[in-house]
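For reference, the structure discussed in these notes is given below.
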There are 2 protein chains.
Amino acid sequence: MKLDCDNCPVRDSAACASLSDVERAELGRLGTHKSFARGETVFHAGDDNDICATLNSGLLKISSSDAEGKERILSLVHPAGFVGEMFAPVAHHDVVALADSRLCVFSRSEYEAAVDRFPSLARALLRRSSEELFEARNRIALDTQKGAAEKLANLLVGLAKAASNSPCHAAHEFELPMTRGEIAGLLGLTIETVSRQFGKMEKEGLITRTSTRGIRVTDAARLTALAG
Amino acid sequence: MKLDCDNCPVRDSAACASLSDVERAELGRLGTHKSFARGETVFHAGDDNDICATLNSGLLKISSSDAEGKERILSLVHPAGFVGEMFAPVAHHDVVALADSRLCVFSRSEYEAAVDRFPSLARALLRRSSEELFEARNRIALDTQKGAAEKLANLLVGLAKAASNSPCHAAHEFELPMTRGEIAGLLGLTIETVSRQFGKMEKEGLITRTSTRGIRVTDAARLTALAG
DNA sequence: CGTGTGCTTGATTACTCTCAACATCGGTGG
DNA sequence: CCACCGATGTTGAGAGTAATCAAGCACACG
């Protein structure tokens with residue numbers, strides 16, 4: 001399906017926001033919209049790495065699986081995020097839709113050519129990449145300096161922020177966009193530990209579970225403090 | 001001290017290798033060489049983020065410290081590596097020399113201008129950033145899917161590779177460029193656990209300790225297998 | 001020498017994983 | 001409509017790994 005940049009929900013926040021109208025129109029001619037239902041795979045680790053995409057709406061996960069098949073989620077991709085490895089011949093990780101999602105998809109070679117043609121796009125991608133690197137390193141720091149409770153608190157704070165429309169305010173109440181297993185894979189814990197931590201948080205009055213996936217934050221201050 | 005790109009040891013592998021001779025000469029005029037002794041800080045988290053640098057020789061660590069002062073090493077920077085955050089007003093992490101090191105240092109604003117002027121430099125940095133991101137994510141995967149022995153084995157294999165001059169062959173014998181405490185901070189373990197894992201590895205015949213810091217790999221195959 | 005830093009080793013504790021049983025929800029088909 | 005089923009989530013008991021606490025060792029340096 002043809003791109004419609006004028007009505008794009010991430011028009012001002014995605015990498016292509018750095019382009020002029022003329023440039024964006026040219027880039028727009030190279031891409032197509034594509035939808036993925038929750039659970040569908042955008043691409044697999046090991047696939048020929050021939051697409052790049054910007055997330056329009058929805059939520060993606062980037063994950064890897066070890067030999068025993070245990071999954072570790074390396075990153076969540078929110079709208080305006082970019083997926084695809086520009087410099088690798090094959091994809092290193094799996095990319096799967098966590099929620100019904102809509103993407104602008106480009107062939108990697110064409111996108112690469114566009115990066116060379118539009119320096120501001122290269123700059124925007126560099127910025128994005130730096131931020132992702134910062135995120136990844138924060139996660140590393142979190143992984144071992146903190147225990148299960150801190151990790152989960154940190155995730156909830158992040159999801160609460162993502163759930164609200166305004167970037168500065170966190171949502172008071174929201175739905176978890178993933179299963180316990182996915183949360184466990186994201187935090188490097190087991191399903192059971194995640195479940196127990198939810199129980200403990202509720203008992204301690206930090207949150208209320210409005211349903212298995214529904215979270216109401218009842219003590220944002222303490223939750224944030226716990227998250228570090 | 002004035003740059004001497006012609007005799008630069010990382011002339012062909014650093015980000016500036018993407019530049020033409022003319023361009024490199026122009027960039028070279030903006031930077032200076034600077035040396036740091038082991039333990040010296042290149043910049044601190046929270047500093048005004050006004051320098052960028054390419055590592056010429058030596059070894060750096062990028063680390064963060066949590067509230068209780070425990071350090072986590074987020075990344076090692078080998079020669080040809082780039083340090084400095086182009087898009088953050090203040091530095092997020094500490095950068096410290098692990099070995100006596102020599103850097104090409106640029107003011108951030110001048111380097112940023114150079115990135116805009118030389119598209120191939122932007123591309124090279126984007127590539128570097130993507131690779132660092134990949135490294136960081138690999139570390140995330142390692143962090144929880146594997147135990148202490150696997151993590152240490154993985155580090156040793158990496159250091160053995162870095163210690164040899166040729167990029168494909170690993171050194172048979174080498175010196176650890178860091179203390180047990182730094183290894184612990186890098187792997188997210190404690191000093192004691194690291195020490196015990198060294199002992200176990202030696203007892204099992206994977207390595208021999210030629211000194212407290214000296215490592216001889218006696219069973220590279222099993223060590224690599226353990227590293228995953 | 002004595003001191004300090006880095007390293008090792010041992011005993012104990014704490015946290016998370018593993019294994020296992022059970023509960024809940026949604027959908028399907030009799 | 002209800003019974004069944006699979007997937008998901010909760011809860012409990014026990015095992016295992018690494019952290020913590022606590023000495024002691026080794027080497028370098030004044």
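Numbers restart at 1 for each chain; the letters A, B, ... are given by sequence-line order, proteins then strands.
Which of D:dA13, D:dG9, C:dA20 sits closest to the side chain of A:E192 comes down to C:dA20. Comparing D:dG9, D:dT20, D:dA18 against the side chain of B:R196 picks out D:dT20 as the nearest. In this structure, the nucleotide among D:dG9, C:dT9, D:dA18 sitting nearest to the side chain of B:A148 is D:dA18. Comparing C:dC17, D:dT10, D:dA18 by their nearest atom to the side chain of A:T193 picks out C:dC17.
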For this session: Begin from the C-alpha positions of A:R137 and A:E131 and carry the test salt bridge (charged side-chain N to carboxylate O under 4.0 Å, His left out) through to its verdict.
Result: CA-CA 10 Å; A:R137 287 178 173 166; A:E131 279 162 6; over 6 Å; no

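Using a 4.0 Å cut-off between a side-chain N of Lys or Arg and a carboxylate O of Asp or Glu, B:R72 and B:D143 qualify as a salt bridge. Contact check on B:R213 versus B:E175 returns no salt bridge, with no Lys/Arg side-chain nitrogen under 4.0 Å from an Asp/Glu carboxylate oxygen.
If you measure from atom NZ of B:K146 to atom C1' of D:dA18, you get 18 Å, rounded to the nearest angstrom. Residue B:I215 contributes atom CD1, which lies 13 Å from atom C1' of C:dC7 at whole-angstrom precision. One interatomic measurement links the two molecules: CD1 of B:I191 to P of D:dC21, which rounds to 14 Å at whole-angstrom precision. Atom P of nucleotide C:dC7 and atom CD of B:Q197 are separated by 16 Å, given to the nearest angstrom. Between the CZ atom of A:F198 and the P atom of D:dT8 there is a distance of 16 Å, rounded to whole Å. Distance NZ (A:K200) to P (D:dT11): 14 Å, rounded to an integer number of Å. As a whole-Å value, the separation of A:Q145 CD from D:dA19 P is 12 Å. One atom, CG of B:D66, and another, P of D:dA19, lie 14 Å apart when rounded to the nearest Å.
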Donor-acceptor contacts, no H, no angles, side chain residues 152-163 of chain A, under 3.5 Å, sequence neighbours left out:
none

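The side chain of A:R213 contributes an N or O atom lying less than 4.0 Å from OP1 or OP2 of D:dG9. In this model, the phosphate group of D:dA19 is approached by a side-chain N or O of B:T190 to a distance below 4.0 Å at OP1 or OP2. Distances shown here put a side-chain N or O of A:K70 below 4.0 Å from the OP1 or OP2 atom of C:dT18.
Closest non-hydrogen pair, A:V42 versus A:L60, comes out as CG2-CD2, 4.3 Å.
Side-chain to base pairing of A:R180 with D:dT11: no donor and acceptor N or O lie closer than 3.5 Å to each other.
A cation-pi arrangement is absent between A:R128 and B:F87, since the terminal nitrogen or guanidinium carbon is not both under 6.0 Å from the aromatic centre and inside a 45° cone about the axis.
Separation of the A:H93 and B:F134 ring centroids falls under the 6.0 Å cut-off.
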Exercise. Just by protein heavy atoms under 4.0 Å, how would nucleotides 25-30 of chain D read 5' to 3' in B, S and -?
Worked result: ------

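With 3.5 Å as the limit, one finds no donor-acceptor pair spanning the side chains of A:S65 and A:E71.
Using a 4.0 Å heavy-atom distance criterion, B:L189 is classed as a sugar-phosphate-only contact. At the heavy-atom level, A:G147 lies under 4.0 Å from the strands shown only through sugar-phosphate atoms.
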